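Scroll down for the structure; my scribbles are underneath it.
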Amino acid sequence: MTAPAADAPRYDFRTAEPGWQAEWERRGSFHVEDVPADGRPKYYVLEMFPYPSGKIHMGHVRNYTLGDVVARYKRARGFAVLHPMGWDAFGLPAENAARERRTHPAQWTWDNIAAMRAELKRMGLSLDWAREFATCDPAYYGHQQKLFLDMLAAGLVERRESWVNWDPVDGTVLANEQVIDGRGWRSGALVEKKQLSQWFLKITRFAPELLAALDGLDRWPERVRVMQANWIGRSEGARLRFALAAPTDGIDSVEVYTTRPDTLFGMSFLAIAPEHPIAAAVAARDAQAGAFIAECRRMGTSEAVIEATEKKGYDTGLRVRHPFLPDATFPVWIANFVLMEYGTGAIFGCPAHDQRDLDFARKYGLKVPPVVLPPGEDPAGFAIGATAYDGPGVMVHSGFLDGLAAPEAAKPAAIAELERLGVGEGVVNWRLRDWGVSRQRYWGCPIPVIHCEACGVVAVPEAELPVVLPADVSFDRPGNPLDHHPTWKHVACPSCGRPARRETDTFDTFVDSSWYFARYCSPHAAEPVTRAAADHWMPVDQYIGGIEHAILHLLYSRFFTRAMQATGHVGLDEPFAGLFTQGMVTHESYRGADGRWLYPDEIDKRGEQTAVHRETGEPVTIGRVEAMSKSRRNTVDPGAIIDRCGADTARWFILSDNPPDRDMEWTESGVVGAYRFTQRLFRLAETVAALPAAGSVPDSFSPASRTLRRATHRAIAAVTEALESFAFNVAVARVYELANAIGDAEKAPDTDDLRWARREAAEMAARLVSPMMPHLAEEILARLRPGSPLAVDLAWPDSDAALAAAETVTIAVQVLGKLRGTVEVAPGAAEADVLAAAEADPNVARALEGKRVVKRIYVPNRIVNFVVAGPA
RNA sequence: GCGAGAGUGGCGGAACGGUAGACGCAGCCGACUCAAAAUCGGCCGGCGCAAGCCAUGGGGGUUCGAAUCCCCCCUCUCGCACCA
């Protein structure tokens, strides 16, 4: 794009934007107290804080623009708005940079923060920068260590030997939630299974209320609540014990969890997870079993996904007795599709009514006895083919269950019988697992415990917090530098004083982001949160961020808030009253003649469909519109856009393009259009400002003036409504309409009353755009009303309903629901008059000719509909 | 497979059950200009000379009236998924 021409009088954003930013800062316009004394109601606006990668990207621009519109609008509506910003500053990229570039993670991180802060400030966001913090600062993470110790004391933390997901590339453990399709969510490496001693936060203790409280989050997107409910995964079933026909290695029974105890008579086999203790016992004397288990472990969780249908098993030779059929026994298999982490790590296989069990049974030639008869099926002829039947039906071949409806009547009956026999009981099971937070990394918050040979695990005394990361570390070898450090981990046991060892694991960085929103309430406090500040500001009234955090971050934060409530740090359980999830920013992708990806600024577009390389002139293939990513080089640098067009243009385009919860496409023409509008609005206002100043309110207004005032007051009402409902693209459209009306008024004869109306319109236009284009709004207002308060300090304007009301309304006239004409009438005109006018319309009259009107529908100020029948 | 959401001009999208396509982008015509940019004016769903007809993924239904409500189907997006 060419630089804007320099002649015509123009809005000079290059001067105006930094100027207003400095003025807001000088006035402390966006500062609020931890515990405010003024009586304004509070409103807490928060956007998900960024990872300091070094540069802001368009996703940030969209996120922070959306939040800023809300913050500025609420502020104008009289709220004291808390709108903070900080840095999610721990994490692996800093260590990767250290290894690759020989910089220190701290240096790299703080440099990135400085660069990104400068970029964010250029956006003109209404942030209280006095509240800024970074999670890698001991002043932050020391308090996190305190929260952990309090949770430890409250029994919300546990150290456990457990199977973990090991990411061999990152050299670290991943939470189950961080394994995506069997690969590490960050490195993409195939995840292996490994046993380690780990710290766990007991999120499962809150599973019931984390699920139940979702109902109360009525300002959250429905789909996020559904995703969380599925993740928590409550199921009702039974736990029961199968006795081994012949006890082995001191084990005499296998415990199974099932959601379908009603299908127990359809049992064909029992299957256990490869990690199950019985599997280990069998493997100890059966090399083949051991080989099969090893194969499963190598496959990890990933192979199962790659070969979704490939179910494999190994017959242990063991057999179990059926609880309801004392004479029958069933084989025990080790199966690769049974998960040790879910339920009890063992299932009973009912192939007729479970597809996975059926696939397994068919592969190994096991029996498939049906026990649930689908409605309308003949009991004699019913058999299972390639598809298991998991629908409702009537129990058959099931002893005491025969004739009962499955599952609703049969399930409780089966559970009652299990309980009567003392071999099982009804239970509620959860999919959610405890949150493993240990990471074998340097650049994270140290876990504040000490391991002593004599005393075991000892908490670091509070007086010694924070446990600070050592600065002198080397990244010459793989693994955790804290572990390699010559002195750091060697300490005296706080309990007995003998030599002991510091925990060298650090926290999952999701811990850092699970309470930062609370810290913002009192970011400089000597305790994690000042109760009075948190009581005042929490919960976050409007949280805004990407849908990619729908489960992990939001669920952890909900858990952490409950844990902080349990330990007395806050007085509430839900951190985010309102949640808005924005869509991604996308862009066309381009490939050169050699097939390599090209950045948008390396090409020149020639029309919609064609483009050439800017330097070589070679043809460029225009690819799909996709999420901006470095690998596809379809990114646009926000800094460059702000340099060229200004922050207001970038903000305006982002808001105008489409509804904010959908993916938006970043286009050059869209940016240019937005830039043009900043100039147009400025010019319209300048024209008004150049007119002689208007005096007091005129006694009467001409039709042209009334038309303009109507547009003004309708715009106020419409923009207000749109902003309230996150319909920012609609708010933008209403501003365009007002601008068009102001432009129309320039053509009308210049009268005193019209000048007054034009000033009113231009001033309101500036105030209506001020949440969206705050710099331009200030600039216009300062020119229209020198010496007036800043736009940022003005209350949101009210629409005068009388002025907004129409002088005439257009009523659509339908005959049998088809539009045949329109009539202009006064608002609230009498029904008889309107109907008469409608029938008088020539077009309508023609449509009614020769017909009998059987009904006349009249909706005041809206529509008339004549229902006619046959000839008169 | 389960769950959620979405299908409207060339594009992004508007639309309390009441004139479908607001507003913008792109495009076309014109004015201004030596010329261009910028700006301003006009046109802009399809068919039709017109009257009008057809149009909100497809098919039914409710209603005086349906993009909107109900049922069935198709497509797409997102999430979840050996979860027993």
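The model shown is predicted, which means the values in this text are computed figures rather than measured ones. Chain letters run A, B, ... following the sequence lines, proteins first, then strands; residues in each count from 1.
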Is any side-chain heavy atom of [Y] closer than 4.5 Å to one of [X]?
X: A/Val735; Y: A/Phe677; value: yes
X: A/Phe728; Y: A/Asn658; value: no
X: A/Arg239; Y: A/Thr344; value: yes
X: A/Arg62; Y: A/Leu655; value: no

Residues [X] and [Y]: side-chain donor-acceptor under 3.5 angstrom:
X: A/Arg558; Y: A/Gln228; answer: yes
X: A/Arg225; Y: A/Asn230; answer: no
X: A/Ser656; Y: A/Tyr736; answer: no
X: A/Glu665; Y: A/Thr586; answer: no

For atom [atom1] of [X] and atom [atom2] of [N], their distance in whole Å:
X: A/Leu684; N: B/rU39; atom1: CG; atom2: C1'; result: 11 Å
X: A/Glu588; N: B/rA26; atom1: CD; atom2: C1'; result: 13 Å
X: A/Arg260; N: B/rA84; atom1: CZ; atom2: C1'; result: 11 Å
X: A/Leu655; N: B/rG13; atom1: CG; atom2: P; result: 15 Å
X: A/Phe337; N: B/rC82; atom1: CZ; atom2: C1'; result: 7 Å
X: A/Glu668; N: B/rG12; atom1: CD; atom2: P; result: 19 Å
X: A/Ile232; N: B/rA81; atom1: CD1; atom2: P; result: 14 Å
X: A/Lys851; N: B/rC64; atom1: NZ; atom2: P; result: 19 Å

Answer with base, sugar-phosphate or nothing: what part of the nucleic acid does A/Asp354 contact at a heavy-atom distance below 4.0 Å?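 Answer is nothing: A/Asp354 stays at 4.0 Å or more from every strand.
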Counting the atoms with a prime plus P, OP1 and OP2 as sugar-phosphate, which does A/Val226 contact under 4.0 Å by heavy atoms, base, sugar-phosphate, or nothing?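 A/Val226: backbone/sugar contact only, no base atoms under 4.0 Å.
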Rounded distance in Å between the [atom1] positions of [N] and [M]:
N: B/rC28; M: B/rG10; atom1: C1'; answer: 13 Å
N: B/rG61; M: B/rU75; atom1: C1'; answer: 23 Å
N: B/rA6; M: B/rC47; atom1: P; answer: 32 Å
N: B/rU62; M: B/rC71; atom1: P; answer: 15 Å
N: B/rG13; M: B/rC72; atom1: C1'; answer: 29 Å
N: B/rG1; M: B/rG45; atom1: P; answer: 41 Å
N: B/rC64; M: B/rG58; atom1: C1'; answer: 26 Å
N: B/rC25; M: B/rA81; atom1: P; answer: 44 Å

Just to verify, what does A/Arg241 make a side chain to side chain contact (heavy atoms under 4.5 Å, CB included) with, not counting sequence neighbours?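 A/Arg241 satisfies side chain to side chain contact (heavy atoms under 4.5 Å, CB included) with A/Ser253, A/Glu255, A/Glu425 once adjacent residues are dropped.
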Using the side-chain heavy atoms of [X], tell me which of these nucleotides is nearest: [options].
X: A/Asn230; options: B/rG79, B/rA38, B/rC83; value: B/rG79
X: A/Pro659; options: B/rG3, B/rA14, B/rC83; value: B/rA14
X: A/Ile551; options: B/rG13, B/rC54, B/rG79; value: B/rG79
X: A/Arg223; options: B/rC64, B/rA4, B/rA84; value: B/rA4
X: A/Val338; options: B/rA84, B/rG18, B/rC54; value: B/rA84

Kindly express the pairing pattern of RNA chain B in dot-bracket notation, using | wherever a base pairs with another strand and counting only Watson-Crick or G-U pairs under 3.5 Å. (((((((..(((.....[....))).(((((.......))))).(((....)))..(((((..]....))))))))))))....
When you measure from the side-chain N and O atoms of A/Lys855 to the phosphate of B/rG65, is any distance below 4.0 Å, counting only OP1 and OP2?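 No, outside the criterion.
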If you compare every side-chain N and O of A/Lys363 against the phosphate oxygens of B/rC82 (OP1, OP2), does one of them come in below 4.0 Å?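 The answer is no; no side-chain N or O of A/Lys363 sits under 4.0 Å from OP1 or OP2.
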Show each protein N/O and nucleotides 43-52 of chain B N/O combination with a separation under 3.5 Å, one pair to a line.
unit_1	atom_1	unit_2	atom_2	d
B/rG52	OP1	A/Asn843	OD1	3.0

With syn defined as a glycosidic angle within 90° of 0 and anti as the rest, where does B/rG9 land?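 What B/rG9 shows is a syn base, its glycosidic angle lying within 90° of 0.
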Distance-only criterion, 3.5 Å: show the donor-acceptor pairs between side-chain atoms of residues 260-268 of chain A and protein atoms not counting sequence neighbours.
unit_1	atom_1	unit_2	atom_2	d
A/Arg260	NE	A/Asp262	OD1	3.1
A/Arg260	NE	A/Asp262	OD2	3.2
A/Arg260	NH2	A/Asp262	OD2	3.0
A/Thr263	OG1	A/Arg260	O	2.9
A/Ser268	OG	A/Lys367	O	2.8

Quick one: sort the A/Trp333 and A/Tyr364 rings into parallel, tilted or perpendicular, breaks at 30° and 60°.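 Geometry flag for A/Tyr364 against A/Trp333: tilted rings.
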Parallel under 30°, tilted from 30 to 60°, perpendicular over 60°: which one fits the rings of A/Tyr675 and A/Phe13?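 Ring orientation, 0 to 90° scale: perpendicular.
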Given 3.5 Å as the limit, does a donor-acceptor pair link the side chain of A/His587 with the main chain of A/Met628, or not?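 A pair under 3.5 Å: no.
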Looking at residues at least two apart in the chain, or sitting in another chain, which of them share a ring pair (Phe, Tyr, Trp, His ring centres under 6.0 Å) with A/His549?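 By the ring pair (Phe, Tyr, Trp, His ring centres under 6.0 Å) rule, A/His549 matches A/His553.
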List every contact pair, protein side and nucleotides 19-25 of chain B side both N or O, where the distance is under 3.5 Å.
unit_1	atom_1	unit_2	atom_2	d
B/rA22	O2'	A/Glu737	OE2	2.4
B/rG24	OP1	A/Asn740	ND2	3.4
B/rC25	OP1	A/Arg676	NH2	3.3
B/rC25	O2'	A/Ser669	OG	3.2

5' priority, RNA chain B, between A/Glu665 and A/Asn429 [closest heavy atom]: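 Looking at RNA chain B, the more 5' nearest nucleotide goes with A/Glu665.
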